Structures are given as C-alpha cells and as structure tokens.
Protein chains: 2
Amino acid sequence: MNKTISDIAQMAGVAKSTVSRYLNGGSVSVKTKQKLERITREAGYVPNTFAQSLKAKRTNLIGTIVPRLDSFAAAQTMTGIDEEIRAAGGQMLIYNAGQDRERELEAMQELARQKVAGIILMPARVTPEHLRIAEAAGIPVLLVGQGSDKLHSVIYDDHRAGLLMGRYVLEQGHRRIAYLGVTEEDEAVGRQRKAGFAQAVQECAGCEVFYYESSFKIADARLIAERILEECSPTLIVCATDNIALGVVKAAHIHGLSIPHELSITGFGGYEVTEIIHPTLTTVRFPYFEAGKLAARLVQRLAAGEEVEWQTILDVELLRQESVDNLNIRSL
Amino acid sequence: MNKTISDIAQMAGVAKSTVSRYLNGGSVSVKTKQKLERITREAGYVPNTFAQSLKAKRTNLIGTIVPRLDSFAAAQTMTGIDEEIRAAGGQMLIYNAGQDRERELEAMQELARQKVAGIILMPARVTPEHLRIAEAAGIPVLLVGQGSDKLHSVIYDDHRAGLLMGRYVLEQGHRRIAYLGVTEEDEAVGRQRKAGFAQAVQECAGCEVFYYESSFKIADARLIAERILEECSPTLIVCATDNIALGVVKAAHIHGLSIPHELSITGFGGYEVTEIIHPTLTTVRFPYFEAGKLAARLVQRLAAGEEVEWQTILDVELLRQESVDNLNIRSL
DNA sequence: AATGCAATCGGAACCGGTTCCAAATCGATC
DNA sequence: GATCGATTTGGAACCGGTTCCGATTGCATT
C-alpha cells in the first residue's frame with residue numbers, strides 16, 4: 001500500500017538512485033525534477049524512516065528520561081526541551097522512569113539501542129552505574145538538575161537557593177525554624193539546598209533549627225508537618241520543594257493555624273500553584289523551562305560532535321510572597 | 001564499534017541466520033546456543049532496531065499527541081498510557097502539539113511516517129482534516145477526551161458531569177449563578193459540560209444564570225472573574241475546568257471575598273491541587289489516568305488488528321468539598 | 001563534425017537484521 | 001552399515017533507502 005522509492009523510480013522510468021538524489025537535493029535535471037515532483041506528490045510518497053536511519057546509523061531523536069510525568073518541574077523542563085528540539089527539526093522521545101533507578105538505567109540502554117542522537121537525563125542521583133552505561137552507550141548524555149564530574153550537566157544553584165531563602169527568613173526575624181528536607185541521596189535537593197540554608201543559619205546567632213525529612217509527596221509532607229507542629233512549634237517551616245510546602249500548608253489549615261501569622265511557610269521551585277494559592281507562597285524560582293531549552297541545545301551540539309561547556313549553573317531567584325511573616329514589624 | 005549480527009556470526013563460526021534464530025528463539029542446538037549465549041554477552045551485542053523494524057515494517061511505539069505537556073490532565077493521561085504500554089513491552093513517543101491544530105496534524109503525519117503502531121490523540125476539536133489524515137495514515141488512531149463517529153475514542157461523560165454539578169449547586173440553594181465556560185469549538189468541555197449544566201438549570205424554576213467564556217489559562221480566568229463579580233455578583237461561579245476555578249479563586253481573594261460564604265466556586269477535573277487549596281474545591285473528578293490506561297490497551301488491540309468497542313464513555317464523580325456554601329442552612 | 005568537460009544518470013553495493021528453502025547433520029531403526 | 005525422518009544449519013533474498021563509481025548525455029568549443 002505504501003509506495004517505496006523503487007515504485008516511484010519505476011513509475012518515472014528512472015533508477016531509484018535518481019529518485020533518492022532528487023529527494024535529497026542532488027544533481028537532477030530540471031525535466032526529471034518536474035516529473036518526479038509530480039509523481040511523488042500523486043503517489044503520496046513518504047520515505048521510510050527506518051531504511052533511512054539504517055543507512056545513516058543515526059536519528060534526530062533526543063531521548064529524555066524523566067523521573068515522572070506529572071510534576072511541574074518535569075513538565076516545564078520537557079516543554080523547554082521539546083520547543084528547542086522541534087525548532088531544530090528533531091524530535092523528543094520521552095521515557096518515564098517512574099522514580100525508579102533501575103528503570104532509569106534500563107531507559108538509557110533502551111535509548112542507546114534506538115540510536116537516539118543524545119540523552120537528556122533528570123536523575124535523582126547519579127550512580128556509577130549511570131556513568132558506566134552512559135559510557136557504553138556511545139552517545140552523549142546530559143544531566144539536568146544533578147551534576148557529575150564525568151558527564152555534561154545543566155544544574156541549578158541549589159546551594160545559593162538555600163542560602164537566599166535562609167538569609168531572607170532570618171532577616172524576617174524567624175529564629176525557631178523547622179527545615180523539612182528530602183533524602184540526602186539527592187545531592188541537589190537533599191544536600192545542597194539544605195547546606196545553603198544551614199550556611200545562612202550559621203551566619204546568624206541564636207537561631208534554633210530542627211531538621212526533618214519527607215518524601216516528595218504532598219501527602220507525606222502533610223503527615224510529617226503534623227509531627228513538626230506538635231514536636232517543636234516553629235514560627236516557620238522551610239520546605240525543600242513547593243510540593244512539600246503545599247502539604248505543610250494543608251496541615252496548617254487543618255490545625256487551624258493562619259498563614260503567615262501563626263505559621264510561616266516557604267518552598268523551593270516556583271511552581272505556578274504558588275502564586276495561585278492564598279496566601280501566595282514565598283519560594284525560590286528555578287528556571288526549569290530555560291534549563292530544558294538549554295539542555296536541548298547542548299545535547300544537540302554534543303551530538304554534532306561539538307565541544308560544549310562541561311557544566312552550566314543556572315541562577316535562581318527568591319520570590320518574596322505572602323507566606324512569610326515579618327516578625328520584626330510585629331514585635332515593634 | 002557496535003557489533004552486528006554478522007560479526008557475531010563470524011566470531012561464533014556460524015551463519016548469521018543461525019544467530020538470528022538463536023536470538024528469536026528458533027530451533028538451535030544446545031551446543032551452539034551456549035556458544036552464542038557466551039559470545040553475544042561478551043561482545044555486548046545489541047540488535048539494531050532500525051534493521052529490525054525495516055524488515056518487520058512496524059514498531060512497538062505508540063505515538064501520543066498531547067495539547068500541552070504541563071497540564072494535569074495531560075500528565076495523568078500520559079502516565080496511564082505509559083504504564084500500560086510499558087507493561088506490554090512497548091514504548092510511548094510523546095508529541096507536544098502546543099495547543100496548535102496545525103501542529104496536531106503535522107504530528108499525526110510525522111508519527112505515521114515513523115510507522116508507529118498506533119496514535120493516541122487528545123484533540124481540542126476533531127476536524128475533517130484529522131479524519132482525512134487518520135485515514136491516510138493507515139494506522140489506528142484513538143481519540144481521548146473528544147468523540148467522533150469516524151474514529152475510536154475514549155471519552156468522559158461531560159454532559160453528566162455538568163448535570164451532576166448543576167443539580168448539586170441548585171440543591172445547595174444557589175439561584176444566581178455565573179457559568180464560566182470555554183469556547184464551544186471544544187465539543188466536550190465547551191458544549192457538553194455546559195449543556196449538562198443547562199439541563200439541570202432547566203429542571204429548576206427561578207434560577208438566573210449568566211454565561212461567560214474564558215480561555216483555559218488561569219490568568220485569563222482571573223480577569224474575566226473580576227468582570228463577573230462587577231457585572232452580576234452571583235452567589236456562585238461554576239467554572240468549566242479546575243484551572244479556571246483557580247483563577248476565580250484568586251480573583252475572589254483579591255476582592256476580599258471569603259469562599260464559600262461570600263462566593264462559592266466549583267470546577268471540573270479533579271486536579272490534585274483542588275484538595276490542597278483552602279477551602280478545598282468542589283469539582284467533578286475525571287478519570288484521566290484510567291482513560292490513559294484504557295486508551296493504551298485499546299490502541300494496542302487495534303494495532304494487533306482486533307476489533308474494539310467504538311467508543312467508551314468513562315464515568316465521572318462529583319466531589320463535594322468546601323468551596324460551595326449551603327444557602328439552605330444559612331437562610332434558616 | 002570531432003573533441004572535451006560538466007551535468008546527469010543507472011547499476012550495484014551496502015546498512016543490519018529476518019525468513020525461506022535446501023543442504024547437512026544427527027540419532028534411531030532395521 | 002544403510003536408510004529414514006527430524007533437527008539443525010548455511011546461503012541467499014529481501015526490507016527501503018543512500019552512496020559510490022562508472023557510463024551516458026548534453027552542450028559549447030575548435
């Protein structure tokens with residue numbers, strides 16, 4: 001049913017090499033060019049991608065491995081990647097790892113099998129296994145969100161994000177603070193953000209901080225928040241992600257605590273929802289979309305054999321909104 | 001650098017047809033089986049997908065065309081599709097149409113070119129162009145969210161959703177209501193939901209309803225909400241999507257209106273955020289995830305040449321939450 | 001009209017698999 | 001040890017393109 005290049009060649013009475021040359025802009029006489037134009041159009045000819053890739057030994061696909069599809073950060077990053085790749089005439093193949101390291105590794109191998117031009121990976125943690133597979137794959141692998149000294153990466157300044165947030169809330173007069181973080185297995189979110197925050201705390205005398213840990217899920221965060229409220233009744237809870245902050249907001253509502261007067265809350269991420277809820281959530285904006293665009297550009301340059309910067313650190317921005325009370329004013 | 005089947009054959013001292021047979025579970029003696037097992041492992045052989053697909057003339061890819069990547073509904077649906085396809089050993093290729101009909105059509109053609117096994121399409125509207133391309137593509141196309149008498153589809157009971165919501169809010173005593181909908185070009189969201197709601201209104205005497213229209217964007221909804229509040233000061237605003245409802249919630253906060261006592265608000269969708277915000281949003285839950293799973297199953301069966309039900313209507317569920325005031329109690 | 005050069009074209013090989021068919025091998029039986 | 005049938009194997013064709021190379025054609029020049 002679908003026409004092949006040989007069919008076209010036969011219909012036009014030329015060799016298939018001529019048809020191929022016509023299709024790829026090789027030297028073809030005006031006469032045959034016109035004839036082939038007509039025939040390919042009438043026959044509705046579309047070249048077979050596999051045959052092309054088989055010969056070319058490559059594709060214009062960029063594989064993207066995301067931890068999950070239904071997260072704001074992942075969605076924004078994917079949108080950025082997609083926009084950039086499409087502009088360059090390529091395509092994005094999305095692989096959902098479902099927050100499972102095994103599947104992340106499988107995905108890399110599978111994408112390598114499919115000879116994608118490059119892989120963009122958003123891992124929770126970079127393990128030696130990742131490096132091994134990336135090396136064996138023989139195609140460029142670029143990390144987003146987590147750095148590595150062995151792979152190219154686009155990362156956020158998580159340390160500075162923590163520092164900015166820490167300094168800001170201390171400025172606002174908070175001295176009894178709970179930090180609700182995530183596992184330290186996550187270098188960027190788990191360690192760096194916390195480290196930045198801890199540095200800010202160190203710069204300030206007489207501040208008591210209680211560290212807690214949650215998963216990335218809203219429901220989990222909410223449960224831990226209840227424990228925090230019982231155990232140490234802080235004036236503020238700094239949450240490692242906006243989603244965690246949403247869980248804490250929920251817990252505060254349930255406890256009947258008004259935000260920010262009875263409990264201040266902050267997040268990290270800059271999710272759209274932070275501006276929608278009331279009060280709006282003070283957070284640090286991470287440029288997910290821009291990271292996606294940049295990652296796509298870089299991985300395409302890598303695929304083309306160019307040298308690119310080893311690591312790009314994207315800047316973050318503190319968004320001062322309504323969920324943090326200014327204790328200085330109140331105590332006047 | 002990458003080994004081919006011929007390399008393996010040479011190393012093992014057999015014909016490449018034997019290697020192929022070994023790989024695909026054909027009849028091979030125990031001895032050569034063991035030898036090939038060892039050699040393929042040591043050589044790290046991985047078959048070339050293109051060569052396989054070229055011969056097989058098909059892939060195990062399912063193409064998914066979404067209107068946008070950063071929407072709750074799309075993310076949930078994609079997650080469902082992905083889960084189901086992965087379980088069947090297939091893969092999902094995501095195409096982001098960016099809410100642009102032209103790109104939707106392009107995507108269909110491009111996916112057809114790549115000989116995907118089937119296409120899952122989430123269109124805002126089904127046009128004759130869609131049907132034409134779907135027909136020409138020669139591969140199964142399944143719609144999610146919008147129906148058509150020419151294509152297989154998985155849809156939601158939008159009419160019933162509107163009806164349920166309408167009846168519920170009328171039960172709660174609301175008689176001065178604004179309905180903030182979307183363009184009627186969108187058959188499901190724009191027409192059916194509104195029609196269901198309108199039917200409920202018809203069943204009830206003495207109810208005044210004001211119809212407005214917004215885009216799907218939170219920011220737009222917020223602007224229109226301000227106009228609604230000025231123009232007709234309803235006791236309740238029924239919004240065609242949860243995102244629109246979020247925009248209205250925002251506007252209400254800005255106007256200092258307390259929800260639900262001074263203004264009740266409802267949405268449609270059942271986005272996660274509706275349970276997080278305070279007050280929680282009364283809405284109708286749409287089974288996006290289940291729709292994705294079902295769509296994936298169906299499109300795979302279609303790809304296998306099986307007959308499947310032409311249209312599946314998934315049921316919706318009213319979620320009574322806190323954003324609707326019960327006027328009956330108040331007026332006692 | 002013969003010559004030379006560039007533009008155009010056809011044929012064949014190749015990419016890396018799968019599959020068909022015929023040939024070779026094997027073990028069991030007589 | 002010859003015969004038979006079942007297994008196993010090798011060879012070749014094929015999928016649908018691209019590309020190399022040599023042959024043909026066209027055109028301008030002498």
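A, B, ... follow the sequence lines: proteins, then strands. Residue 1 opens every chain. Predicted model, so just to flag it, every value in this text is computed and none were measured.
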Asker: Any side-chain N or O of B:S29 below 4.0 angstrom from OP1/OP2 of D:dT9?
Answerer: yes

Asker: Applying side chain to side chain donor-acceptor pair (under 3.5 Å) between A:D186 and each of A:R191, A:Q146, A:Q192, report the one that passes.
Answerer: A:Q146

Asker: In whole Å, what is the span from the NZ atom of B:K35 to the P atom of D:dT9?
Answerer: 8 Å

Asker: What is the separation between atom CD on B:Q114 and atom P on D:dG16, rounded to the nearest whole Å?
Answerer: 17 Å

Asker: Flag the pair A:E135 and A:R132 as a salt bridge only when some basic side-chain nitrogen lies within less than 4.0 angstrom of an acidic carboxylate oxygen.
Answerer: no

Asker: Kindly give the heavy-atom pair with the smallest separation between B:Q76 and B:Y288, and that separation in Å.
Answerer: CB-CB, 3.6 Å

Asker: Are the side chains of B:I5 and B:L23 in touch, meaning some heavy atoms are under 4.5 Å apart?
Answerer: yes

Asker: Counting just side-chain N and O atoms, does B:K57 come under 4.0 Å of either OP1 or OP2 of D:dC14?
Answerer: no

Asker: Take atom OH of A:Y22 and atom P of D:dG16, then tell me their distance rounded to the nearest Å.
Answerer: 20 Å

Asker: OP1 or OP2 of C:dC9 less than 4.0 angstrom from a side-chain nitrogen or oxygen of A:T32, does that happen here?
Answerer: yes

Asker: Write down the distance between CG (A:N48) and P (C:dG17), rounded to a whole number of angstrom.
Answerer: 17 Å

Asker: What nitrogen or oxygen pairs link the protein and nucleotides 18-21 of chain D at under 3.5 Å?
Answerer:
from   : atom 1 : to    : atom 2 : distance (Å)
D:dT18 : OP1    : A:N24 : ND2    : 3.3
D:dT18 : OP1    : A:Q52 : NE2    : 3.3
D:dT18 : OP2    : A:S20 : OG     : 2.7
D:dT18 : OP2    : A:N24 : ND2    : 3.4

Asker: Could you state the atom-to-atom distance from CD of A:Q10 to P of C:dG10 in whole Å?
Answerer: 13 Å

Asker: Side chains of B:E83 and A:N96: is there a donor and an acceptor less than 3.5 Å apart?
Answerer: no

Asker: Does atom CD (A:E306) have a neighbourhood of more than 12 heavy atoms from anything else shown, all under 6.0 Å?
Answerer: yes

Asker: How close or far is atom P of D:dC15 from atom CG of A:D7, stated in whole angstroms?
Answerer: 10 Å

Asker: Do B:Q300 and B:E84 have side-chain atoms, one donor and one acceptor, less than 3.5 Å apart?
Answerer: no

Asker: Roughly, in whole Å, what's the span from CG in B:L54 to P in D:dC15?
Answerer: 9 Å

Asker: Round to a whole Å and report the spacing from CZ of A:F50 to C1' of C:dC15.
Answerer: 15 Å

